[in-house]
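Here is the structure we will look at.
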Protein chains: 2
Amino acid sequence: MRDDPDVPETRRGRPTMNDVAAAAGVALKTVSRVVNNEPGVNATTAERVHAAIERLGYRRNDGARTLRRGRTASIGLVIEDVADPFYSGLSRAVEDVALDEGCLVFTGSSGEDASRERELVLAFCARRVDGLIIVPAGTDHDYLTPEIDAGIAAVFADRPPGAGPDADTVVCDNAGGARVGTEHLLAHGHRRIAFLADSPSIFTATERLRGYREALASAGLPYDEELVAMAPPGRARALADLERLFRLADPPTALFTGNGRTTVATLRALAAPITHGPPVAVVGFDDFELADLLGITVVAQDPARLGRVAAELLFRRLAGESGPPQRLELPTRLVVRGSGELPLRG
Amino acid sequence: MRDDPDVPETRRGRPTMNDVAAAAGVALKTVSRVVNNEPGVNATTAERVHAAIERLGYRRNDGARTLRRGRTASIGLVIEDVADPFYSGLSRAVEDVALDEGCLVFTGSSGEDASRERELVLAFCARRVDGLIIVPAGTDHDYLTPEIDAGIAAVFADRPPGAGPDADTVVCDNAGGARVGTEHLLAHGHRRIAFLADSPSIFTATERLRGYREALASAGLPYDEELVAMAPPGRARALADLERLFRLADPPTALFTGNGRTTVATLRALAAPITHGPPVAVVGFDDFELADLLGITVVAQDPARLGRVAAELLFRRLAGESGPPQRLELPTRLVVRGSGELPLRG
DNA sequence: GTGAAAGCGCTAACAC
DNA sequence: GTGTTAGCGCTTTCAC
């Protein structure tokens, strides 16, 4: 009963350009010109508009602007987990590039769940993000085809897309890095090198396995499946793997761990009393905080660079760069810190 | 044949509800009902609409929807740096709560820069986010008052806001945690305990200093400014501080480090040859990855819980919960791992 | 220089 | 059940 739908003094919500126009005694379009710094407005008129803006606490509604203009000046970033230092480093780089481009970033963690990845990506598309940077969790990206056809740019980072559209991709030299890491252990005399990594369903894990196998093959060594353990990282799993490996008739004298999480889980497991035995050499793929203090030799990649390169590629596409999908591969770097140089005991 | 009414081939952009309506031979509103699962649509009509949606690759434009409905179903999160594990843990928790609420998250890193914080927050407000979670970098939040008055909910996390609006705030028990950590060192016989932390301009650093001082006072010990060093964390700075401290006439036998970054920087500095001397006990505020392997005793807080509590508070406000601004304080927990139990050498 | 009118794609409030 | 008519707050013509 006390509903007064059209009382400007008791406005619900925020002032609009119309309100500012009324307050300044000018037309809507003039306010628009002032707000967007368009030329061709009398200085004193502009001043009056600015005063009204200040007085009413007006702030442009970018949602409405976006609806009219077509571009939202926002991108979507889907990673596996922001809480993982690898992806949070990547995120920060993407954010920084985006901010430079005047673009905001929706971030979402898929948790390595393909349906959650899809849900997030489609939600971002419904918001009409201009572009997407995706660390794919799933292997089927057909769902993206209509979105890409509709003009949403997409760049895949860290892993290539599965079945579906062929889009720009930035990965690191997974196989090459793993080969270098394995060769480093071989060079220190090791012949029984275990390979511990994430599930084979994950692209990077499989690529790194390939590098490991290449190194063995180059050295004329056989590939022994007993020395390989691939599953999602975790303490319990690392313990079980090490127990099994160390009980082998011909146990490993060195470990190559296939990503940051696996390396950390393995180091924890190695510290457990149950796995105590002769020391083993360790080289891990991915650098991690405090690896230096712990003296862990790693094959490092640069997550920030990965994010930056992916974002730059995306914005080049948004700026109109055409051409076939690119596939970039970033280098890795062996960082020697001690754990990988433990020689084979004669 | 060039003009297939169902699939307009030269349309710029994406199909709209209007296109779907035309293709299905129904009115716009019917499409809207189907898309939004509103009741009261004949099953066969709905089927025809679904078919048209499928055929055209239609996806609702949430930007337009939002403009009409008033709520954007998105929130803005401004933290110091996503690449910092503390904030990335917080981010993930916020994301998870938001996703449960059907809400997307804009994330931005302020880099401890007040103007960037302001810029991000205002950009989020221009997108008309429903709410904000802010780890304040600046000390003046007056700029937020019009936004909050306009109905944007805001929750401050990790640190309270500076001058400006009085909003919900979730912090941890900084002073209490620091007191417990310092008392732990005192209990092991230490009387000369250095305090290394971030700049005094940062709320948490100052609060933790307060707890440190309380512990000293309770033990009847004097507060010695020579033992206190507060500045942004970094390796060079940690080295310089330690060198100075160890050269004091009465050097510290224990260190209390005031946050994760400082602890890590200090541990690195302690490992440098230049600081080699008698071992010191160390207790750090904030847990960090691999602190367990390094045997570092810490006063742990739970960044994920901080994020979750802040997000839950925000969504309760968005759901209409009224009442005065709340100020929540989360507990900390002493985690004993060895470095803090090094006894004072007699 | 300035302004009126027509949408952007959708939902809300009513017709029928 | 279904359709029609107004807008949401802005930008884009194009007229003055």
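Proteins get letters first, then strands, A, B, ... in listed order; numbering begins at 1 in each.
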Would you kindly give the [atom1]-to-[atom2] distance between [X] and [N], to the nearest whole Å?
X        : N       : atom1 : atom2 : result
Arg71(B) : dT11(C) : CZ    : P     : 17 Å
Arg59(A) : dG9(D)  : CZ    : P     : 16 Å
Asp62(B) : dC8(C)  : CG    : C1'   : 15 Å
Arg60(B) : dT11(C) : CZ    : C1'   : 10 Å
Arg65(B) : dC10(D) : CZ    : P     : 21 Å
Arg14(B) : dC10(C) : CZ    : C1'   : 15 Å
Asn18(B) : dG7(C)  : CG    : P     : 12 Å

**Request:** Five pairs at each end of the helix from dG1(C)-dC16(D) to dC16(C)-dG1(D): take the axis at both ends and give me the angle between them to 10°.
**Result:** 40°

**Under the side chain to side chain contact (heavy atoms under 4.5 Å, CB included) test, residues paired with Ala123(B) that sit two or more places apart** = Leu104(A)

**Message:** Please enumerate all residues that pass side chain to side chain contact (heavy atoms under 4.5 Å, CB included) together with Asp100(A), with sequence neighbours excluded.
**Reply:** none

**Prompt:** Can Ser110(A) and Glu80(A) be counted as having a side-chain donor-acceptor contact under 3.5 angstrom?
**Reply:** no

**Message:** Quiz question: by atom type and distance under 3.5 Å, do the side chains of Arg65(A) and Asn36(A) form a donor-acceptor pair?
**Reply:** yes

**Prompt:** With sequence neighbours left out, which residue pairs that include part of residues 155-164 of chain B fulfil the salt bridge (charged side-chain N to carboxylate O under 4.0 Å, His left out) condition?
**Reply:** Glu112(B)-Arg159(B)

**Message:** Can you build the contact string for nucleotides 2-8 of chain D? Use B for base contact, S for sugar-phosphate-only contact, and - for no protein heavy atom under 4.0 Å.
**Reply:** BBB-BBB

**Prompt:** When we call it a touch if two heavy atoms are under 4.0 Å apart, what does Asn36(B) touch: a base, just sugar-phosphate, or nothing?
**Reply:** sugar-phosphate

**Item:** Residues which pass side chain to side chain donor-acceptor pair (under 3.5 Å) with Arg308(B), listed by chain and number, not counting sequence neighbours
**Value:** none

Please table the atom pairs, donor to acceptor, closer than 3.5 Å between any side-chain atom in residues 130-138 of chain B and protein atoms at least two apart or in another chain.
from	atom 1	to	atom 2	distance (Å)
Asp130(B)	OD1	Thr72(B)	N	3.0
Asp130(B)	OD1	Thr72(B)	OG1	3.3
Asp130(B)	OD2	Ala73(B)	N	2.8

**Request:** Sequence neighbours left out, what passes ring pair (Phe, Tyr, Trp, His ring centres under 6.0 Å) with Phe124(B)? Give chain and number order.
**Result:** Phe106(B)

**Message:** The criterion is ring pair (Phe, Tyr, Trp, His ring centres under 6.0 Å); which residues satisfy it with Tyr143(A), sequence neighbours excluded?
**Reply:** His141(A)

**Asked** Distance check: side-chain N/O of Ser32(B) vs OP1/OP2 of dC10(C), anything under 4.0 Å?
**Response** no

